[in-house]
Amino acid sequence: MHRTLLSLPRQDGFSMPAEWAKQAQTWMAWPVRPDNWRGNAVPAQRAFAAVANTIAEHQPVSMAASGPALASARALLSAAVRLIDIPSDDAWMRDIGPTFVRHPRGEVRAVDWIFNAWGGLNGGLYQPWDADDRVAQQVAHALGIARYRAPLVLEGGAIHVDGEGTCLTTEACLRHPNRNPNLTQDDLEQALRDYLGVSVIVWLGRGLLHDETDGHIDNLCCFLRPGVVALAWSEDPQDIQHAISQDALARLRRARDAQGRKLEIIKLPIPQRPVAMSATEAAEVLSAPGTQARPAGARLAASYVNFTLCNGAIILPRFDDPHDDRARAILAEQFPDRVIRQVPGREILYGGGNVHCITQQQPAAV
């Protein structure tokens, strides 16, 4: 049984650890909805299973599912992956699950943000989303840990921390009027300090081109270690993404982290060829009122920055693109103590995100 706390994580001495800190497990949710995933979600289920089974070779994985999905998940998941009966509207655990915070003495607690499907009735990607908004609470209940219910619409993919007091985010997402229209930038910064235990917020502008989430940071830029970030990069001056990345680069060069350091910036190329659904693939997605449409041929927000870390490994999406190997080599150089595991990323991208979006790390108690 979990407790809902009325205090703030920062006041209680809790903060969000960096992703490279030792983890207890990874949380995921099983995809099923035919109006977001093609082929009645079967290709996506195979891709999710590949991610979960790969992570399970390095640390425990818990997969949320409910009803008939429990059987379809069990058929594709390795015995090492634990299935847990938690219903959801879709499968983006980074955004619907809790953000975990930890005390220096070791206790782990959950931050439960308000979820409105990336915009609610003003540009949200599907409806209803009430089951998704309950997932973080149910994860905390399953773990028996205390929970903070934050009075803020926020998704886990919109923030990235270095574990030393610095948070990366984007103006396009956090300051979008479909999230928290009554909050100023100062209000948002204070909320991030209160619930993540950070002291410095580095604001980038737009997110990755065509990112349906209004520009999550985890598709554009992430910390690799304290003082070092990876930035999604387009070398083509004719590509709109080039200008977005240039603006982010300029902001990162001006920034200082919570320890006063300048940031070292590692450029991580986006796929050489734009990724889009074929006409055949797009026809396999059912249309439904209030659900985001993805027309055939429309460019999707493919990014190698959207990887996830687990104990001893990096789980990196593969897009069957010439830059797959280049991205792998860059990250291998940055993480010499971790194995790089590439998994199929196209089917996950067809649903609107990638490997980081469908996973949420639970830090180990120290």
Side-chain angles (χ1 to χ4, degrees), residues 26-49 51-52 61-74 76-77 83-99 110-142 147 149-150 152-158 173 176 178-180 211-214 216 218 284-294 300-301 347-360:
T26 296
W27 285 85
M28 297 178 64
W30 195 244
V32 294
R33 56 184 308 147
D35 59 345
N36 190 58
W37 305 99
R38 75 181 185 95
N40 206 33
V42 172
Q45 290 171 358
R46 295 193 188 103
F48 274 57
V51 173
V61 177
S62 289
M63 180 72 73
S66 64
L70 288 165
S72 66
R74 187 73 281 163
L76 291 174
L77 295 171
L83 269 175
I84 181 166
D85 192 347
I86 295 177
S88 62
D89 295 298
D90 206 357
W92 306 101
M93 187 57 85
R94 177 69 50 180
D95 295 344
I96 64 178
T99 295
V111 175
D112 177 3
W113 312 103
I114 300 170
F115 180 76
N116 74 349
W118 310 277
L121 299 178
N122 178 20
L125 301 184
Y126 54 72
Q127 51 183 296
W129 55 81
D130 53 304
D132 278 350
D133 193 40
R134 291 191 293 267
V135 168
Q137 177 182 357
Q138 292 179 81
V139 169
H141 180 78
R147 173 184 70 114
R149 176 60 166 175
L152 187 73
V153 178
L154 188 84
E155 305 92 36
C173 181
H176 198 291
N178 64 13
R179 301 299 207 281
N180 301 284
D211 186 341
E212 298 174 1
T213 66
D214 300 310
H216 273 183
D218 69 352
E284 294 178 356
V285 181
L286 300 185
S287 61
T291 301
Q292 171 77 21
R294 296 187 190 85
L300 301 174
E347 291 295 340
I348 306 172
L349 179 60
Y350 289 167
N354 229 287
V355 174
H356 194 258
C357 305
I358 67 172
T359 56
Q360 178 63 276

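Quick note: numbers below take in every heavy atom, side chains included, and nothing from hydrogens, waters or symmetry partners. Only a predicted model underlies this, so the values are computations on that prediction, with no experimental measurement involved. Residue numbers count from 1 along this sequence.
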Rounded distance (nearest 0.5 Å) linking atom CH2 of Trp129 with atom CG of Asp95: 14.5 Å
Leu125 vs Thr291 side-chain heavy atoms within contact, under 4.5 Å: no
Closest approach of Pro34 to Asn40 (non-hydrogen atoms, all atoms of both residues): CB-OD1, 3.6 Å
Heavy-atom side-chain contact between Arg147 and His141 under 4.5 Å: no
Which residues share a side chain to side chain contact (heavy atoms under 4.5 Å, CB included) with Thr213, sequence neighbours left out: Trp118, Asp211, His216
Atom of Ile358, atom of Val51 and distance for their closest heavy-atom approach: CD1-CG2, 4.2 Å
Under the ring pair (Phe, Tyr, Trp, His ring centres under 6.0 Å) test, residues paired with Trp37 that sit two or more places apart: Phe48, Trp92
Distance, nearest 0.5 Å, that separates CG of Asn116 from CG of Asp133: 8.5 Å
Short N-O contact, Arg134 and Asp112, less than 4.0 angstrom: no
Side-chain (Asp89) to main-chain (Asp132) donor-acceptor, under 3.5 angstrom: yes
Worked check of side chain to side chain contact (heavy atoms under 4.5 Å, CB included) between Cys357 and Asp218: CA-CA 8 Å; Cys357 305; Asp218 69 352; 4.0 Å; yes
Tyr126 six-ring face occupied by Arg33 cation (under 6.0 Å, within 45°): yes
Considering all heavy atoms, the nearest Ala140-Ala110 contact: CB-CB, 4.1 Å
Whether Asp35 side chain and Ala288 backbone form a donor-acceptor pair below 3.5 Å: no
Note, Met28 side chain near Ser62 side chain (heavy atom, < 4.5 Å): no
Set of residues satisfying side-chain hydrogen bond (donor to acceptor under 3.5 Å, both in side chains) with respect to Gln292, sequence neighbours excluded: none
Within-4.5 Å side-chain heavy-atom neighbours: Gln360 and Thr99: yes
Nearest non-hydrogen partners of Ala65 and Leu83, listed with the distance: CB-CD2, 4.3 Å
Pair Thr359-Trp27, side-chain donor/acceptor within less than 3.5 Å: no
Polar side-chain atom of Arg294 near backbone of Gly351 as donor-acceptor pair, under 3.5 Å: yes
Shortest non-hydrogen contact between Trp30 and Leu77, atoms and distance: CZ3-CD2, 4.0 Å
Spacing of CG belonging to Asn354 relative to CG belonging to Leu349, to within rounding of 0.5 Å: 5.5 Å
Candidate pair Ile96 and Glu155, rule side chain to side chain contact (heavy atoms under 4.5 Å, CB included), full reasoning: CA-CA 7 Å; Ile96 64 178; Glu155 305 92 36; over 6 Å; no
Closest contact, heavy atoms only, Pro289 versus Gln127: O-CG, 4.5 Å
Heavy-atom side-chain proximity of Val111 to Trp113 below 4.5 angstrom: yes
Full working for side chain to side chain contact (heavy atoms under 4.5 Å, CB included) between Ile86 and Val135: CA-CA 7 Å; Ile86 295 177; Val135 168; 4.3 Å; yes
Candidate pair Met93 and Thr26, rule side chain to side chain contact (heavy atoms under 4.5 Å, CB included), full reasoning: CA-CA 10 Å; Met93 187 57 85; Thr26 296; over 6 Å; no
Any Asp214 side-chain heavy atom under 4.5 Å of Asn178 side chain: yes
Min side-chain heavy-atom separation Arg94-His356 under 4.5 Å: yes
Gln137 side chain near Arg149 side chain, heavy-atom distance below 4.5 Å: no
